[in-house]
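First up is the structure itself, then whatever we jot down about it.
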Amino acid sequence: MKRMRTHLPSRKAIAVLTAALLATGMAACGNSDTGDKGDDGKITLGFSQVGAESGWRTANTTSIKEAATGAGIDLKFDDAQQKQENQIKAIRNFIQQKVDVIAFSPVVESGWDTVLKEAKDAKIPVILTDRSVDSADKSLYKTFLGSDFVKEGRLAGEWLVEQKKAAGGPVNIVELQGTTGSAPANDRKKGFAEAIAANPNLKIIASQSGDFTRAGGKQVMEQFLKANPKIDVLFAHNDDMGLGALEAITAAGKVPGKDITIITVDAVKDGMQALADGKFNFIAECSPLLGPQLMDLVKKVHNGEQVPARIETQETTFTQEQAKEALPNRKY
Ligand code: AHR
C-alpha cells in the first residue's frame, strides 16, 4: 500500500509566517494615524509657547519641559516669539507630524477657529494652557488649564480701594497693559476696572500696552511720566513691566513704592524682591508652574478620558511683609 504524502508546513515556513504576523501586529500598534503611542512607546506632545517675554514665561517653559521629561512624554517645543502667525504655523506642523496631543498658550484670544478645526479634523486633541481663546465652539479644544485673570485684576483693585479709602482727593492711576488682545491683558484690565468702579476718586488717567516686557514697561512709563505731572498709582499687568517702570520712575527723580504706589501681577522672584525691598506695594500671584498638571491632562485626553472643561490654578496675593517671608522658598 502506497503511503499518503501529507503536506505539513516545514518548521522554517512556520517561523517565517509567525514573524510576518508579529510584524503586522506591531506596525498596527505603533501607527500614529490611530493616535496611538509613537515607535518609542511615548506619547508625542506638540507645544506652542507664546515666547520668552517675561520671567513668568521662562519659569513656565522650564516647568513644561521638566514635567514632560518626568512624565516620559516626547515634547516637540516651539517658541512663537509673541506672534500669532508663528503659533498657527507651529500647530499646522504638529498636525502634519501627526503628534498625539497639541497644547498651546495662545498669544491672543481671537482668530483660532480655522486651525483648531484642522486639528479636530485630524483627530488630534488640543489643550489650552495659561491663556484661553474666545472661540464660540468649545468642542475645538478639550480643556483649559490656567489662572482666573479677571480675579487677579480684581484682587489688585480691591487692595487699592482698601489702601486709598481715606484719601480725600483724586487718586491718579496709570495702567501698563499686557500684550494687546491677550487674555491676561483683557481680563486683568476688566477685573481691576470693576473693583475700583464704585470709587470715583480712583481714576485711570492713562492706559497703554507695554507688551508684558521690561523694555516695554520702561518705555511706556517714561511717556506716562512726561505727560502726567501727578501719578499716584501704577497698575502693571505683570512684574516685568513693573520692573521696567521702576527704572523710569527712579530716573524721573521719584521714589517707587512711596511717591508712586506700584501694584503688579505674577510674583516671580524679581518682582517679589522688589516688593520685599519696598519698591512694589502689592502683587497678585499668577502661577507659571503648570507643567505637571498639563502632562497629567495630556495622558488623560490621549487615553480618551473625560477631563473638566476648565481647571483653575490656586493663587494668592502678597504684601511687602508677606513677600519677605515667602522669598527664601520661592521656586521661580
Ligand atoms: O499669560 C500669563 C502672562 O504672560 C504673565 O502674567 C506674564 O508675565 C506673561 O508674559
Would you list the pairs meeting side chain to side chain donor-acceptor pair (under 3.5 Å) in which at least one residue belongs to residues 288-299, sequence neighbours left out?
none
Which pairs, with at least one residue in residues 249-261 and sequence neighbours excluded, count as a salt bridge (charged side-chain N to carboxylate O under 4.0 Å, His left out)?
none
Is there any salt bridge (charged side-chain N to carboxylate O under 4.0 Å, His left out) pair reaching into residues 143-156, and which pairs are they, with sequence neighbours excluded?
E152-R188
The side chain to side chain contact (heavy atoms under 4.5 Å, CB included) partners of E305 (sequence neighbours excluded) come to K300, N303
Residue list, side chain to side chain contact (heavy atoms under 4.5 Å, CB included) with K120, at least two apart or on another chain:
S139, L140
What ring pair (Phe, Tyr, Trp, His ring centres under 6.0 Å) pairs are there with at least one residue in residues 81-131, not counting sequence neighbours?
F104-W112
Looking at V307 and L297, what are the two nearest heavy atoms and their distance?
CG1-CD2, 3.8 Å
State whether the number of non-hydrogen atoms from other residues, nucleotides or ligands found under 6.0 Å of E85 atom CD is greater than 12.
yes
Donor-acceptor pairs are to be reported for all side-chain atoms of residues 239-251 against protein atoms at under 3.5 Å, with residues two or more places apart or in another chain.
from, atom 1, to, atom 2, distance (Å)
D239, OD1, T264, OG1, 2.7
D239, OD2, A267, N, 2.8
D239, OD2, V268, N, 2.8
D240, OD1, G55, N, 3.0
D240, OD2, R214, NE, 3.2
T250, OG1, L246, O, 2.7

Check the side chains of Q273 and D277 for a donor-acceptor pair under 3.5 angstrom, ignoring hydrogens and angles.
yes
Which pairs pass ring pair (Phe, Tyr, Trp, His ring centres under 6.0 Å) with one or both residues in residues 253-275, sequence neighbours excluded?
none
Pairs touching residues 313-332 that satisfy ring pair (Phe, Tyr, Trp, His ring centres under 6.0 Å), sequence neighbours left out
none
Hey, what else clusters with V233 if you join Ile, Leu, Val, Met, Phe, Trp, Tyr whenever side-chain heavy atoms sit under 4.5 Å?
W159, L160, V161, V171, I173, F192, I196, L202, I204, F235, I263, V265, F282
Using side-chain heavy atoms (C-beta onward) and a distance below 4.5 Å, is E285 in contact with L155?
no
Ignoring hydrogens and angles, tell me if any N or O in the side chain of S105 forms a donor-acceptor pair with the backbone of T129 under 3.5 Å.
yes
Ignoring hydrogens and geometry, is there a side-chain-to-backbone donor-acceptor pair from N238 to F212 under 3.5 Å?
yes
Could you list all the side chain to side chain donor-acceptor pair (under 3.5 Å) pairs where at least one residue sits in residues 63-80, not counting sequence neighbours?
none
Greater than 12 external heavy atoms within 6.0 Å of K226's NZ
no
Using the rule that two of Ile, Leu, Val, Met, Phe, Trp, Tyr join whenever any of their side-chain heavy atoms come within less than 4.5 Å, decide whether V301 and L290 are in one cluster.
yes
P184 side chain reached by R131 side chain, heavy atoms, under 4.5 Å
yes
Side chain to side chain contact (heavy atoms under 4.5 Å, CB included) against A193, all qualifying residues, sequence neighbours excluded
none
